[in-house]
> 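Below is a structure I'd like to ask you about.
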Amino acid sequence: MLSCQQLQFCARNQTPSQGKKLHAHLIKSGLDQCGTLPNNLLDMYGKCGLIQDALQLFDEMPHRDLISWASLLTAHNQANIPHRTITLFPKMFALDGLKADHFVFACLVKACASLGALKLGKQVHAGFLLSLFCDDDVVKSSLVDMYAKCGLPDSARLVFDSISRKTSVSSTAMISGYARSGQKSEAVELLRGMAEKNLFSWTALISGLVQSGQWIDGFNLFIEMRREGVDIVDPFILSSIVGASANLAALELGKQIHCLVLSLGYESSLFVSNALVDMYAKCSDILAAKTIFDTICRRDIVSWTSIIVGMAQHGQANESLSLYDEMISAGLKPNKVTFVGLIYACSHVGLVSKGRYLFKSMVEDYKLSPSLQHYTCLLDLFSRSGHLDEAENLLKTMPFKPDEAAWAALLSACKRHGNTQMGVQVANHLLSLEPKDPSTYILLSNTYAGASMWENVSKVRKLMGVMEFKKEPGYSCIELGKESLVFYAGETYHPMKDEIFGLLKELDEEMKRRGYVPDTSLVLHDMEQHEKERQLFWHSERLAVAYGLLKTVPGTVIRIVKNLRVCGDCHAVLKHICSIVKREIIVRDANRFHHFVDGRCSCRDFW
DNA sequence: TTAGGGTTAG
C-alpha cells in the first residue's frame with residue numbers, strides 16, 4: 001500500500017500511475033476505511049493535472065471534508081479552468097453543508113485573479129473579512145495579487161499594508177502590480193527594501209516594467225540583477241527581456257540576449273523561443289526568426305502565430321498563408337491574433353476573397369468574435385484593392401465605432417483609386433471628428449485640393465499650423481555593431497555631417513536624373529518651394545541611411561527604426577536609393593516594415 | 001491542502 005509520502009512523490013514527479021493503482025485498491029477496500037489517503041490522492045490528481053480522475057474520486061468519496069473541497073477547487077485552478085472553480089464553490093454548502101475556510105478563500109481569490117473578475121473578487125474579499133479567517137496572511141497575499149492583476153495597485157497596497165508578516169510572496173505580488181501599472185519607483189523601492197530578493201521578485205519587477213512599455217528601465221534593472229549575482233535558475237525572466245529587445249527593435253541587443261539564452265541553456269524553453277521568433281521578426285531579421293521557428297520541436301499556437309504575423313508584416317504574404325495551412329495540418333487551432341496576421345497578409349497581396357473567407361472562417365469555424373483590429377484589417381484589405389463600396393459599407397455596419405485611422409484608411413483608398421466624390425464625403429466626416437494625426441490633415445488637404453475645394457484646403461492648412469506645434473519630433477535610429485545612433489529631422493550636427501550631406505546631394509542628383517520630383521505637398525509649413533525641398537532633404541530616415549551607407553560594408557542590409565510613419569516623399573527616395581546603391585534597406589516605421597529592394601518596397605506603396 | 005514571476009497583433 002502506498003503511503004502519503006509516496007503520493008506526494010507521485011505529485012512532484014508528475015507520475016500518477018502508482019497513484020491510480022492505489023485508487024483502485026481504495027475502492028476495493030472501501031474509501032471510508034482509508035483515513036486521509038483519499039484526500040492525498042485527490043491532491044495528487046490535481047497536481048498532475050488529471051481533473052477527470054480528481055472529479056471521479058471526489059464523487060466516490062462518502063465523507064468529504066474541507067480538505068477534500070479545497071483540494072478539488074485547487075485542482076481546477078491548477079488545470080487552468082478557474083471559471084469551474086467559481087461555479088463549483090456553491091456546491092460545497094449545497095452538497096456537504098460546508099463553509100469556506102482560509103484555504104478555500106485563497107483558492108477562490110486566485111481563481112478571480114486569473115479571470116480578472118474584479119467584482120467577484122471583491123465579493124470574496126467581503127466574505128473573507130466577515131469570516132473567522134479574516135486575519136489569514138496567505139489569503140491577504142492572494143488578495144494583493146488579485147487587485148494587482150486587476151490593475152488596482154492602490155487597493156492591493158491597502159491589503160498589503162494589513163499583512164502582519166510580509167513574505168517574499170506578498171511583496172512579489174505587490175511589486176508586480178506596481179510594475180505592470182507603470183509605477184516604477186514604488187516597485188523598485190519595494191524590491192530594494194526586501195530582506196531576501198530572489199529571482200521571483202526580480203522577474204516580477206522586470207517583466208512588469210517590460211509589460212508597461214518601460215523597456216529601457218527593464219534592461220537597466222536586468223543588468224543590476226546580473227551584477228548582484230542572482231542565479232537565473234529558470235527561463236521566465238529571459239522571455240521578458242527578449243520581449244524588451246523586440247519592442248526596442250534593437251537587433252544587436254536582442255542577439256546578445258540570444259547568446260545569454262544559449263549560454264544558460266534555455267534555448268529549448270518554448271516561451272523563450274517564441275519570444276525569440278517575435279524578437280527577430282520585430283528587429284527586421286525575418287530570416288533569423290524563421291530559423292528559430294524551424295528549430296522549435298513542439299510548436300504551440302504562439303510559435304505559429306508569431307511567425308505568421310512576422311511574415312505578414314514583412315510583406316511575405318504567401319509564405320504567411322502557407323504557414324497557416326501547415327499549422328492547420330499539424331492540428332493546431334488558430335486564435336484571434338493568428339487571424340489578425342492572416343487578414344493583414346491578404347491585404348498585402350490583394351487576396352480579397354481569401355481574406356473574406358478567413359474572416360468568415362474565424363467566426364463560423366472557430367467561433368471567435370472579431371475585434372476592432374479584425375475589422376480594421378478587413379477594411380484595409382477592401383480599401384487597398386479598390387473595393388471602396390464594400391469598405392464603406394463595412395465601416396458603417398461594423399459593431400465598433402470606427403476611429404480616425406479607419407476613416408483615414410478609406411480616404412486614402414478613395415484618393416488612390418480616384419473616387420473624388422466618395423473621398424469628399426469621407427473627408428467631411430473625418431474633419432468633423434477633429435483628427436489628431438498630422439498625416440490625416442495632409443490627406444484631407446490633398447483630397448480637397450483634388451476636388452478644387454479651396455476654402456476647405458485653407459481651413460485644413462490652418463488647422464495643420466496648430467497641429468505642427470503638437471507634432472512629435474521625428475527620429476530614425478540605426479545600429480552599427482555595438483554603436484547605435486539616433487538622427488532627428490533637420491540639419492545634423494554629427495561629426496560626419498559633411499560626408500552625409502555630400503552623399504545625400506550626390507544621390508539626390510542621380511535620383512532627379514531618374515525622374516524623381518520632390519513631393520512637397522507633404523511639408524506642413526507655409527514656405528517657399530526650395531525651402532520645402534530642403535526640409536525633405538533633411539528627414540531623419542535619409543540621414544540615417546546615408547550614415548549607414550558610409551559606415552557599413554557594401555552588400556550588407558541597412559536597418560533603420562523610425563518613430564513616426566515614413567512620409568511619402570522619403571518612401572519614394574528610399575526606393576530610388578536602394579536601386580542606385582544596390583543595397584537592401586529595411587525601415588521599421590510606426591506602422592509596419594518596409595523592405596526596399598531593387599527600386600520596390602514590400603508594402604507595395606500602401607501604408 | 002492555500003499565496004508570487006514568463007511568450008504572440010494593433
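So that the names make sense, note that chain A is the first sequence line, chain B the second, and so on, each numbered from 1. Keep in mind that the numbers below use all heavy atoms, side chains included, and drop hydrogens, waters and symmetry copies.
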> Thr167(A) near the nucleic acid: base, sugar-phosphate alone, or nothing, with a heavy-atom cut-off under 4.0 Å?
base

> Rounded to whole Å, how long is the line connecting atom CG of Leu238(A) with atom P of dG5(B)?
17 Å

> Do we count Phe103(A) as stacking onto dT2(B) if the rule is ring centres under 5.5 Å and planes under 30°?
no

> Just checking Leu199(A): base, sugar-phosphate only, or nothing, at a heavy-atom cut-off of under 4.0 Å?
base

> Would you kindly give the CE-to-P distance between Met146(A) and dG5(B), to the nearest whole Å?
14 Å

> Give Ser71(A) one of three labels, base, sugar-phosphate or nothing, depending on what nucleic acid heavy atoms sit under 4.0 Å from its own.
nothing

> Is atom NZ of Lys122(A) surrounded by more than 12 heavy atoms (other residues, nucleotides or ligands) closer than 6.0 Å?
no

> Is a donor-acceptor pair below 3.5 Å formed from side chain Ser168(A) to base dG4(B), judging by atom type as modelled?
yes

> Take atom OH of Tyr366(A) as the centre, draw a 6.0 Å sphere, and report whether it contains more than 12 heavy atoms from other residues, nucleotides or ligands.
yes

> Look at the side chain of Asp234(A) against the base of dG6(B) and say whether a donor-acceptor pair falls under 3.5 Å; ignore hydrogens and angles.
no

> With distance as the sole criterion, do the side chain of Ser240(A) and the base of dG6(B) form a donor-acceptor contact below 3.5 Å?
no

> Is Ser269(A) touching bases, backbone alone, or none of the nucleic acid, heavy atoms closer than 4.0 Å?
base

> So, do Ile86(A) and Cys112(A) sit near enough that their side-chain heavy atoms are less than 4.5 Å apart?
yes

> For Lys110(A) and dG4(B), is the shortest distance between a side-chain N/O and OP1 or OP2 below 4.0 Å?
yes

> Kindly point out which of dT2(B), dG5(B), dG4(B) is positioned nearest to the side chain of Ala173(A)?
dG4(B)

> Please report the shortest heavy-atom distance between Val210(A) and Gly243(A), naming the atom on each side.
CG1-C, 4.4 Å

> Can a donor-acceptor pair be found, under 3.5 Å and without considering hydrogens, that links the side chain of Asn335(A) to the backbone of Ile301(A)?
no

> From CG of Leu42(A) over to P of dT2(B), roughly how many Å is that when rounded to an integer?
12 Å

> The side chain of Ser239(A) is closest to which nucleotide in this list: dT8(B), dT1(B), dG6(B)?
dG6(B)

> In this structure, how many angstroms lie between the P atom of dT7(B) and the CD1 atom of Ile206(A), rounded?
13 Å

> Step by step, would you call Glu228(A) with Lys197(A) a salt bridge (charged side-chain N to carboxylate O under 4.0 Å, His left out)?
CA-CA 10 Å; Glu228(A) 285 202 7; Lys197(A) 288 176 276 203; 3.5 Å; yes

> Nearest whole Å is fine: how far is dT7(B) C1' from Tyr280(A) OH?
16 Å

> Nearest-Å distance, CD1 (Ile232(A)) to C1' (dG6(B))?
13 Å

> Does Ser141(A) get its side chain close enough to the base of dA3(B), under 3.5 Å, for a donor-acceptor pair?
yes

> When we call it a touch if two heavy atoms are under 4.0 Å apart, what does Lys282(A) touch: a base, just sugar-phosphate, or nothing?
sugar-phosphate

> Distance check needed: dT8(B) P versus Ile296(A) CD1, whole Å only.
13 Å

> Rounded to the nearest Å, what distance is computed from the CZ atom of residue Phe271(A) to the P atom of nucleotide dT8(B)?
10 Å

> How would you label the contact of Asn198(A) with the nucleic acid (heavy atoms, under 4.0 Å): base, sugar-phosphate, or nothing?
base

> Taking any heavy-atom pair under 4.0 Å as a contact, classify Val138(A): base, sugar-phosphate, or nothing.
base

> If you check the Asn335(A) side chain, which of dT1(B), dG4(B), dT8(B) turns out closest?
dT8(B)

> Using a cut-off of strictly less than 4.0 Å, decide whether Gln211(A) has a side-chain nitrogen or oxygen near OP1 or OP2 of dG5(B).
no

> To check you understand the geometry: which heavy-atom pair defines the closest contact between Ala345(A) and Ala317(A), and what is its length?
O-CB, 3.2 Å

> Of the options dA3(B), dG5(B), dG6(B), whose atoms approach the side-chain atoms of Ser142(A) most closely?
dA3(B)

> Among dG6(B), dG5(B), dA9(B), find the nucleotide with the atom closest to the side chain of Pro235(A).
dG6(B)

